[in-house]
> 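Following this message is one structure expressed as structure tokens.
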Amino acid sequence: MALYPMKLGPIGVFDSGYGGLTILEKIRKLMPQYDYVYLGDNARTPYGTRSFDVVYEFTRQSVEKLFSLGCPLVILGCNTASAKALKSIQQNDLPQWNPEKRVLGVIRPTVEAIGKVTRTGHVGVLGTVGTIQSLSYPIEIAKLFPDIVVSGQACPLWVPLVENGEYDSEGADYFVKKYIAELIEKDPEIDTLILGCTHYPLLLPKIKKFLPQNVNVVSQGIIVADCLKDYLNRHKKLETNITRGGSCLFYTTESVEKFQKSAEIFLNENVVVEHIKLSSTNM
Ligand code: DGL
């Protein structure tokens, strides 16, 4: 007997904070017919500097909450969670919760897309410390494109800049320039750049400012949205369990007011937000 029986419900999108909103935005634009629920674990963000076990536990609690809200499918709109928790959730937890439900990440679809973009066969990945140290991108890229050379660069200060609304400030220039320069120094032949963190699209104007002009930036949101559409076309049984009403509910583990203000910057629209408790967030 499944712990969370399959029933009709919205698509769940999860992130440690606001970053997953850049994924949600593109998914909703492509498939506005479905209902959505977004969960941001803002009380415990950032995940990028946390250990494997902690990211797994926090992500597990969040996905379980989304399943308890009736989601037949959850997207981890977070590279760190996709790198450190996705496999364990799929293997350890999903079979107990309900093997018919699905949890999907953002790394695999991104990797599938880059083969068509790079000409030099040299790809750069920017991400949190957790994502870069997990080597998830080079490992997944090597499976599909063994000839592509991958260089990773952790950008530990970028998520705090975005979360604190400083992505457009002069101060942000220093850290954007610094990490880009470090990456290009590792491999000057890079012609394709993966923004391997869902917070980074907000820094895109600055990233482009400091990036050599011949480098293409891969936009993760659109890739994940296209890939999900294709996945739902191929998994009709799962797709028929998604409710169609075009609604979107937002939950945060932190302050509702704070989430509302920041979400409006990410999405350019007013959002209705509710507070939600996860197992060990006593807030
Ligand atoms: N947005 C998350 C990602 O894509 C990282 C944010 C965090 O460090 O919590 O990796």
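Ligands are counted one by one from 1 in listed order, and the atoms in each one are counted from 1 as well.
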> I'd like to know if the side chain of Asp35 and the backbone of Ser247 have a donor-acceptor N/O pair within less than 3.5 Å.
yes

> Go through the structure and list residues passing side chain to side chain donor-acceptor pair (under 3.5 Å) with Lys26, not counting sequence neighbours.
none

> Can you confirm whether more than 12 heavy atoms, excluding those of Lys7, are under 6.0 Å from its NZ atom?
no

> Check whether Tyr34 forms a cation-pi arrangement with Arg244 (NZ or CZ under 6.0 Å from the six-membered ring centre, at most 45° off the ring normal).
no

> Where does ligand 1 get N/O contacts under 3.5 Å from the protein, atom by atom?
| unit_1 | atom_1 | unit_2 | atom_2 | d |
| --- | --- | --- | --- | --- |
| ligand 1 | 1 (N) | Asp15 | OD1 | 3.3 |
| ligand 1 | 1 (N) | Thr198 | OG1 | 2.9 |
| ligand 1 | 1 (N) | His199 | ND1 | 2.7 |
| ligand 1 | 4 (O) | Asn79 | N | 2.8 |
| ligand 1 | 4 (O) | Asn79 | ND2 | 3.2 |
| ligand 1 | 4 (O) | Thr198 | N | 2.8 |
| ligand 1 | 4 (O) | Thr198 | OG1 | 3.2 |
| ligand 1 | 8 (O) | Tyr47 | N | 3.3 |
| ligand 1 | 8 (O) | Gly48 | N | 2.8 |
| ligand 1 | 9 (O) | Ser16 | OG | 2.6 |
| ligand 1 | 9 (O) | Thr45 | OG1 | 3.4 |
| ligand 1 | 9 (O) | Tyr47 | N | 2.6 |
| ligand 1 | 10 (O) | Asn79 | N | 3.4 |
| ligand 1 | 10 (O) | Thr80 | N | 3.0 |
| ligand 1 | 10 (O) | Thr80 | OG1 | 2.7 |

> Classify the angle between the aromatic ring planes of Tyr4 and Trp97 as parallel (below 30°), tilted (30 to 60°) or perpendicular (above 60°).
perpendicular

> Does any part of the side chain of Arg102, heavy atoms only, come nearer than 4.5 Å to the side chain of Val74, both counted from C-beta?
no

